[in-house]
Number of protein chains: 2
Amino acid sequence: MATIRDVAKQAGVSVATVSRVLNSNGYVNEDTRVKVTEAIKELNYLPNDVARSLFKRRSKMIGLILPDITNPFFPELARAVEDVANETEYTFVLCNSDNQMEKEQQYLTALKQKYIDGFIVVSSTLTTEQVHELNVPVVALDRIISPHMPSVSVQNYEGAQEAVQYLIENGCQKIAHISGPDYVDNAHARKQGYLDMVRDKDWYEDGLVVDGKYELDPAKKAATQLLEQHPDVDGIFVGNDLMAVGVLKAAEALGIKVPEDLSIIGFDGIALGETTTPALTTMGQPIYDVGSKAAELLINYIEGIPSVHSNHSFGVQIIERETVKKGGV
Amino acid sequence: MATIRDVAKQAGVSVATVSRVLNSNGYVNEDTRVKVTEAIKELNYLPNDVARSLFKRRSKMIGLILPDITNPFFPELARAVEDVANETEYTFVLCNSDNQMEKEQQYLTALKQKYIDGFIVVSSTLTTEQVHELNVPVVALDRIISPHMPSVSVQNYEGAQEAVQYLIENGCQKIAHISGPDYVDNAHARKQGYLDMVRDKDWYEDGLVVDGKYELDPAKKAATQLLEQHPDVDGIFVGNDLMAVGVLKAAEALGIKVPEDLSIIGFDGIALGETTTPALTTMGQPIYDVGSKAAELLINYIEGIPSVHSNHSFGVQIIERETVKKGGV
DNA sequence: TTATTGTGTGTAACGGGTTACATATTGTAT
DNA sequence: ATACAATATGTAACCCGTTACACACAATAA
């Protein structure tokens with residue numbers, strides 16, 4: 001591999017001049033520029049990013065730390081971040097944390113040693129102090145670590161309320177909720193949205209809220225139990241689509257017809273919901289936009305471009321498919 | 001950030017000694033080792049990987065280039081590679097190529113400038129020459145670029161034959177095939193497996209093979225047309241699970257009962273197939289194992305450990321679910 | 001004419017580890 | 001007692017771009 005010194009020799013100039021040509025910095029005479037450009041071409045020279053990073057103390061890399069890329073919510077998010085990274089010539093590093101703080105910490109410090117420029121994190125465990133002492137730009141995604149840290153999320157509370165309202169408008173008489181884990185703030189917000197809509201109904205009781213852990217099988221089990229104990233439930237607002245699929249499976253196994261006997265509405269709008277039978281009605285969030293906005297925010301942050309909103313919250317919109325029986329009260 | 005020189009000063013030794021302690025190289029007196037270790041702890045020193053990379057000409061990073069992480073086949077694969085990378089302390093870089101050769105090339109050269117140690121590529125366009133002149137270790141995944149290049153894949157041809165055999169054994173009288181794009185070699189192999197099983201049957205005709213582009217909607221359209229033109233088809237071997245879901249949707253829209261009137265078998269064994277109704281019967285491949293084997297192969301390659309098999313092919317196994325009507329001829 | 005600004009280019013230090021080589025000391029074999 | 005290996009540590013070059021600083025020359029201003 002040719003180095004900048006080889007190019008300098010070939011072009012009969014100094015390395016400084018070659019560097020100036022490479023970076024379009026400072027003064028370079030047009031003839032010299034041409035000579036250097038030719039030498040670069042002849043030698044097939046590509047600058048060494050590692051040497052550049054060492055001097056600049058930055059690497060043109062960003063990291064995305066998320067629980068598990070295997071969870072169907074995340075691929076679209078990851079894709080969005082990668083697209084922005086690619087456009088802006090950043091390298092995209094993907095990290096699966098399995099929601100373990102220890103793994104998150106390992107990624108954070110290991111990548112800091114590589115001069116990574118910033119992180120987008122989907123985490124429920126990371127604290128403001130940890131991020132602060134890391135001293136690397138971080139944008140929180142989908143979950144808010146602290147109001148003082150840039151973040152991108154969606155209107156979970158309002159969306160949950162709308163979802164419940166939608167069930168009510170379509171004639172549901174008793175609506176249950178399968179929730180995500182309480183320590184995940186968006187799960188908590190969605191549950192609150194549900195509760196604030198139903199708490200004062202005469203049919204409401206505490207047993208209508210059960211934890212589905214944001215996963216398919218636990219949600220299926222939880223829904224089975226719920227539906228056996230409360231056969232009069234005719235609507236379920238499920239905390240995310242993955243769990244909603246589990247609920248669908250539970251209803252199927254119990255011989256409960258969806259949507260005739262039971263209406264189900266999920267949250268997220270992942271592609272998986274389109275492939276079930278019946279197809280899942282859900283409160284969709286603009287997943288791709290969320291991801292790309294986070295990436296933009298991070299890169300602006302890194303490059304010192306001030307952003308108008310550092311806590312960005314997207315709206316959500318209902319996607320009407322086949323798991324809610326249409327018809328008013 | 002403390003540097004190795006700060007540590008050396010603090011411990012009262014030279015940088016060479018600190019380096020020896022860090023890397024457990026050469027001779028270091030036990031007392032000195034302790035002094036240095038203490039200085040490292042006191043200063044909260046972390047070695048700078050960029051400086052290390054510059055000297056060593058390697059970065060402890062590997063890249064995975066795949067068409068699109070949003071395709072549900074890939075997240076599990078990516079997860080497997082990332083797990084191995086993480087265990088072996090490599091950083092995992094993810095690249096979406098959209099099957100465009102140009103994007104693949106960009107990733108390849110951009111990451112080479114960062115001294116990336118190797119690539120795992122899922123590509124149908126990359127040539128042996130390109131990889132050879134890149135001069136960086138590459139393992140081909142799921143698709144074989146050249147017999148001279150390390151690769152990991154599955155028994156596509158045999159699996160396809162078994163899948164067709166399974167349909168025949170379960171009483172199908174006329175079996176069609178929805179294929180992937182011919183330029184993807186595993187799609188081609190699966191089609192050949194199908195053809196070699198049915199070519200000599202009296203019911204066979206060319207119109208029974210249609211292209212579904214390895215995608216859901218194209219497969220749905222293709223299947224709709226196929227089923228309209230050949231209403232006597234009672235079994236379909238679909239080239240992958242994503243397309244099989246499309247076929248399932250097509251049958252549903254046409255009012256064809258699965259599996260009573262039509263048996264469907266897919267290929268891959270992705271999680272998506274478990275969530276459909278009826279759940280998809282498929283020829284499952286060990287996706288996670290394929291990914292982790294590729295990563296192991298690559299890392300051994302990078303670290304100069306000779307591997308027994310450099311072209312590894314995994315077996316496949318049928319996953320019996322609900323889209324094939326059971327019963328002999 | 002002299003001072004000043006703009007243009008063009010080179011030298012060398014710098015970023016932060018790694019390691020070849022030199023040197024010194026202790027231990028062991030003869 | 002002498003020779004040689006093993007142990008222990010330091011100096012400085014090296015990896016390869018970037019840029020501060022110095023210097024030279026031309027053009028314009030005073």
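Every chain is numbered from 1 and lettered A, B, ... according to where its sequence line falls, protein lines coming before strand lines.
The distance from the CG atom of B/Asp268 to the CG atom of B/Asn156 is 8.5 Å, given to the nearest 0.5 Å.
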Q: List the protein contact pattern of nucleotides 16-26 of chain C with one symbol per nucleotide (5' to 3'): B for base contact, S for sugar-phosphate-only contact, - for none; contact means a heavy-atom distance under 4.0 Å.
A: BBBB-------
Q: Decide side chain to side chain donor-acceptor pair (under 3.5 Å) for A/Asn96 and B/Asp83; before the verdict, give the C-alpha distance in whole Å, the side-chain angles of both, and the deciding distance to 0.1 Å.
A: CA-CA 8 Å; A/Asn96 295 101; B/Asp83 280 352; over 6 Å; no
Q. Yes or no on salt bridge (Lys or Arg N to Asp or Glu O under 4.0 Å) for B/Arg58 and B/Asp117, after CA distance, side-chain angles and deciding distance?
A. CA-CA 6 Å; B/Arg58 49 216 250 42; B/Asp117 294 334; 3.3 Å; yes
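Between A/Tyr27 and C/dG8 there is no side-chain N or O to OP1 or OP2 distance below 4.0 Å.
End-to-end axis angle of the helix from C/dT1-D/dA30 to C/dT30-D/dA1, from C1' rotation axes over five pairs per end: 40° (rounded to 10 degrees).
Here the P atom of nucleotide C/dG15 and the CZ atom of A/Arg58 are 18 Å apart, to the nearest Å. In this entry the distance linking CD of B/Gln113 with P of D/dG17 reads 10 Å, nearest Å. One atom, CG of A/Asn29, and another, P of D/dA26, lie 13 Å apart when rounded to the nearest Å.
No side-chain donor-acceptor contact under 3.5 Å links A/Gln113 and B/Asn48.
At a threshold of 4.0 angstrom between heavy atoms, the contacts of A/Ser53 with the nucleic acid are absent.
Qualifying side-chain hydrogen bond (donor to acceptor under 3.5 Å, both in side chains) partners for A/Arg5, counting only residues two or more places apart in sequence or in other chains: none. Under the ring pair (Phe, Tyr, Trp, His ring centres under 6.0 Å) criterion, A/Phe314 pairs with A/His312, not counting sequence neighbours. Partners of B/Glu38 under the side-chain hydrogen bond (donor to acceptor under 3.5 Å, both in side chains) rule, at least two apart in sequence or in another chain, do not exist in this structure.
Applying the side-chain hydrogen bond (donor to acceptor under 3.5 Å, both in side chains) rule to pairs touching residues 60-77 of chain B yields A/Arg79-B/Asp68, sequence neighbours excluded.
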